[in-house]
Amino acid sequence: MEITIVFQIAAVGILVAVLNQVLIRAGREEQAMMTTLAGLVVVLFWIIQYISNLFETVQTLFRL
Amino acid sequence: MALKILGSILIIASSGLAGLYFAYKPYYRKSDLNSFFIALEILENEINNYSSLIEASFQISQKVSDKNISEIFLYLCEKLKEKNGEETEKIWTDSINKYKSSLYLNQEDYDTIAGMGKILNSFDREIEIKNIAVLKRYILTSIDEINIEYTKNRRMFQSIGFLGGLIIVIALI
Amino acid sequence: MSIVQIGVIGLICVILIINIRRENPQIAVLLSLAGGLIITFNLMPIFKSIIELITQISEKIDVNFKYISMIIKIVGIAYIAEFCSQICIDAGEGAVASKIELAAKVFIIAASLPVIYGLIQTVNSLLS
């Protein structure tokens with residue numbers, strides 16, 4: 001669990017924002033919203049693995 | 001590490017090229033339609049001068065600058081010279097289908113052009129000329145539509161291609 | 001992992017979050033969550049050794065182990081609740097954050113009830 005995931009999430013966030021702007025400018029707003037949502041789902045998918053990992057560790061540690 | 005860099009360059013390049021293909025496809029369709037328009041003008045001219053279809057298609061194949069369209073008419077000319085007894089409509093659709101893959105036209109364009117085959121080489125000059133006028137009008141309206149769409153969509157497809165490749169690389173890195 | 005590295009990770013996260021929050025606020029929340037997760041995950045080994053040390057000391061002192069474990073449990077509940085509620089507040093949802101804190105208070109009371117009961121019994125038996 002290192003800092004590369006943070007850089008990946010930030011890069012995906014910026015690229016999805018740019019893609020959003022391009023699609024809105026070309027008039028296809030529904031597809032812009034869909035790509036934002038898709039980027040969100042992908043990032044959520046990464047983070048949920050980390051969350052479950054960490055909270056399981058915390059749970060076993062503190063339930064003592 | 002080097003393999004990752006190579007793979008990411010490959011992915012970005014391929015999706016960027018795909019984006020460029022979709023961006024410039026209407027442009028190539030427009031130039032093909034323009035060449036076909038010129039071919040139709042020459043055909044109309046030749047029909048007005050009472051020349052036969054063989055001579056007319058030969059003249060067209062010589063005068064049109066686009067290689068593929070001139071080859072269509074050259075093929076048409078060769079097939080007509082063989083005098084196999086096939087119908088003109090079938091020869092027309094055959095010669096179009098042979099070069100279909102190297103042109104950038106739509107399916108709708110092909111259906112309209114193939115529809116012209118029915119009246120080619122018929123004895124009624126008036127109907128031939130009217131049908132050619134209809135086809136020319138269709139081509140002009142298509143070109144107008146393409147002009148409107150092209151300016152809007154070109155930037156979009158270029159950006160989508162490049163950015164999509166970049167996102168995939170970052171997601172898989 | 002030393003404090004320097006953790007501080008630097010925090011700074012990098014904050015810089016990225018500030019730049020992304022205007023164009024893509026959804027991703028900014030996830031980014032702050034990820035930063036918090038990374039820092040916490042890297043603290044876990046140190047936590048683990050602290051807790052083991054405390055249990056060893058408690059064995060030497062001859063205190064009943066369940067009291068020590070109750071304290072550690074309460075610390076864990078408070079910590080997780082604060083982690084989640086602070087992220088909710090940063091995302092602008094103060095209501096959800098206060099519900100999480102309420103839940104934490106309830107769980108802490110529930111965890112400490114046996115000890116309070118035992119204390120009252122002892123005081124009772126002393127007085128009577």
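Chain identifiers are assigned alphabetically (A, B, ...) following the order of the sequence lines, protein sequences preceding nucleic acid strands; residue numbering begins at 1 within each chain. All values derive from a computational prediction rather than experimental measurement.
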### Task
Measure the shortest side-chain to side-chain distance between C:I27 and A:V43 over non-hydrogen atoms and say whether it is less than 4.5 angstrom.
yes

### Task
Enter the distance from C:Q26:CD to A:L44:CG here, rounded to the nearest 0.5 Å.
11.5 Å

### Summary
The reported gap from CZ in C:F47 to CG in A:L61 (rounded to nearest 0.5 angstrom) is 8.0 Å

### Task
Measure the spacing between CG of A:L54 and OG1 of C:T40 and express it to the nearest 0.5 Å.
5.5 Å

#### Entry: Spacing of CG belonging to C:L16 relative to CD1 belonging to A:I9, to within rounding of 0.5 Å
10.0 Å

### Query
Around atom CE of A:M33, are there more than 12 heavy atoms of other residues, nucleotides or ligands at under 6.0 Å?
no

### Query
Which bit of A:I5 comes within less than 4.5 Å of chain C, counting heavy atoms only: side chain, backbone, both or neither?
side chain

### Task
Compare all side-chain heavy atoms of C:I77 with those of A:F62 and state whether any distance is below 4.5 angstrom.
no

### Query
So which part of A:Q21 gets closer than 4.5 Å to some heavy atom of chain C, the side chain, the backbone, both or neither?
neither

### Approximate separation, where rounding is to 0.5 Å, of C:C13 SG and A:F7 CZ
8.0 Å

### Summary
Of all heavy-atom pairs linking C:A34 and A:I47, the shortest is CB-CD1, 3.9 Å

### Task
Under 4.5 Å heavy-atom distance to chain A, tell me which part of C:I74 shows up: side chain, backbone, both or neither.
neither

### Task
Under 4.5 Å heavy-atom distance to chain A, tell me which part of C:N42 shows up: side chain, backbone, both or neither.
side chain

### Query
Can you check whether C:L37 reaches A:N53 side chain to side chain, under 4.5 Å on heavy atoms?
no

### Query
Which atoms of C:I39 come close to chain A, meaning under 4.5 Å heavy atom to heavy atom: side chain ones, backbone ones, both, or neither?
neither

### Task
Report, as yes or no, whether the 6.0 Å neighbourhood of atom CZ on C:F107 holds more than 12 heavy atoms from other residues, nucleotides or ligands.
no

### Message
Measuring from atom CD of A:E2 to atom CD of C:Q5, what distance do you get when rounded to the nearest 0.5 angstrom?
### Response
10.5 Å

### Query
Quick one: does A:I14's side chain get under 4.5 Å of C:I20's, heavy atoms only?
yes

